[in-house]
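Below: the structure, in structure tokens.
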Amino acid sequence: MLNIVLFGPPGAGKGTQSAKLIEKYQLVHLSTGDIFRANIKGGTELGTLAKSYMDQGQLVPDEVTIRMLESEADKSPDAQGYIFDGFPRTPAQAKALDQFLASKNTSITMMLALEVEEDELKKRLLLRGRDSGRADDVDPAVIQKRIDVYRNETEPVRDYYQAQDKYTGIKGTGSIDEIFERLCAAIDSLVK
Ligand code: ADP
């Protein structure tokens, strides 16, 4: 299996690149942000809970997020591999993911981390807020909070994969196709 953690701050382009990667490598896309938004839209209990955190720029609690991710992954038992987008966002989530994959006799192949400067992130998020109306992309204070949460709570996840020698940084600026090519080159050099 090819199991990729696509990592990076809010607005780094994880969703955009995931869509291209799943097509090329025939992977299943698991985006916790997308799953939460689908639950909000569907008016589920999980959606109501998630929204109360997302609107503040906070992380949804680990226990809820992990359980949801695992049940979503179990919906595609025949997958050739997964792209984890927006997950894991805490070291506890990373550990849970390792255990989950080990129980399926597989593991994370690599972490690809999109690197984008903070000013560029803020610009992209505000633009997305204007175009898509995503609630958490409209208020500059919420955007700042998400970036701060990323630095404080999520960046340690990078060390977790670095310690396993699975980390690759990828420059996340330039055209969408240029960034995609960098990601593919990193995958192909490891997988071949
Ligand atoms: P972005 O990467 O632009 O912040 P996402 O769609 O990945 O967008 O996430 C949106 C929000 O959903 C996050 O700010 C957070 O509140 C919640 N969320 C997504 N993934 C996780 C996760 N793995 N753990 C906790 N909360 C999450």
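Ligands are counted one by one from 1 in listed order, and the atoms in each one are counted from 1 as well.
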Just which atoms of ligand 1 are under 4.0 Å from any heavy atom in [X]?
| X | value |
| --- | --- |
| Arg128 | 3 (O) |
| Asp136 | 10 (C) |
| Thr32 | 19 (C), 20 (N), 21 (C), 22 (C), 23 (N) |
| Pro10 | 1 (P), 2 (O), 3 (O), 4 (O) |
| Arg37 | 6 (O), 10 (C) |
| Gln93 | 22 (C), 23 (N), 24 (N), 25 (C) |

Inset, instruction - Check if Lys14 has a non-hydrogen atom at a distance under 4.0 Å from any atom of ligand 1. - result: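 Contact present.
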Legend entry - ligand 1 contacted by Gly11 (non-hydrogen, < 4.0 Å):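 The answer is yes: ligand 1 sits under 4.0 Å from a heavy atom of Gly11.
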Mind checking whether [X] contacts ligand 1 via backbone (N, CA, C, O), side chain (CB onward), both or neither, at a 4.0 Å heavy-atom cut-off?
| X | value |
| --- | --- |
| Met68 | neither |
| Lys145 | neither |
| Thr65 | side chain |
| Gln58 | backbone |

Inset, instruction - State whether the number of non-hydrogen atoms from other residues, nucleotides or ligands found under 6.0 Å of Glu63 atom CD is greater than 12. - result: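 No, because the 6.0 Å sphere around CD of Glu63 holds 12 heavy atoms or fewer from other groups.
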Legend entry - CD (Glu117) with more than 12 external heavy atoms under 6.0 Å: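 No, because the 6.0 Å sphere around CD of Glu117 holds 12 heavy atoms or fewer from other groups.
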Legend entry - For atom 27 (C) of ligand 1, the protein heavy atom that lies nearest, with its residue and separation: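 The closest heavy atom on the protein side is Phe36 CE1, 3.7 Å.
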Inset, instruction - If you have a sec, work out which protein heavy atom is nearest atom 26 (N) of ligand 1 and how many Å separate them, to one decimal? - result: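 Atom 26 (N) of ligand 1 sits closest to the protein heavy atom Val60 N, 3.0 Å.
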Legend entry - Tyr82 ring center within less than 6.0 Å of Tyr25 ring center: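 So the answer is no for these two rings.
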Inset, instruction - Check each of Met54, Arg89, Arg124 against atom 9 (O) of ligand 1 and report the one with the nearest heavy atom. - result: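 Minimum heavy-atom distance to atom 9 (O) of ligand 1 goes to Arg89.
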Legend entry - Selection from Arg134, Lys51, Glu153, Arg146 by shortest heavy-atom distance to atom 8 (O) of ligand 1: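 Among Arg134, Lys51, Glu153, Arg146, the closest heavy atom to atom 8 (O) of ligand 1 belongs to Arg134.
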Inset, instruction - Flag the pair Lys166 / Thr109 as yes when at least one side-chain heavy-atom distance between them is below 4.5 Å, and no otherwise. - result: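 Of all side-chain heavy-atom pairs linking Thr109 with Lys166, none is under 4.5 Å.
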Inset, instruction - Determine whether Ile66 and Phe87 make a side-chain contact, defined as any pair of heavy atoms from C-beta on separated by less than 4.5 Å. - result: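 Ile66 reaches Phe87 side chain to side chain.
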Is any NZ, NE, NH1 or NH2 atom of the basic residue among [X] and [Y] found under 4.0 Å from an Asp or Glu carboxylate oxygen of the other?
| X | Y | value |
| --- | --- | --- |
| Lys145 | Asp55 | no |
| Asp34 | Arg37 | yes |
| Glu155 | Arg89 | no |
| Lys14 | Asp85 | no |

Legend entry - Residue pair Thr90 / Asp62, side-chain donor-acceptor N/O under 3.5 Å: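 On atom types as modelled, these side chains qualify, holding a pair under 3.5 Å.
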Legend entry - Phe180 six-ring face occupied by Lys20 cation (under 6.0 Å, within 45°):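 Relative to the ring axis of Phe180, which defines the angle, Lys20 lies inside both limits.
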Legend entry - Gly86 N/O under 3.5 Å from ligand 1 N/O: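 Yes.
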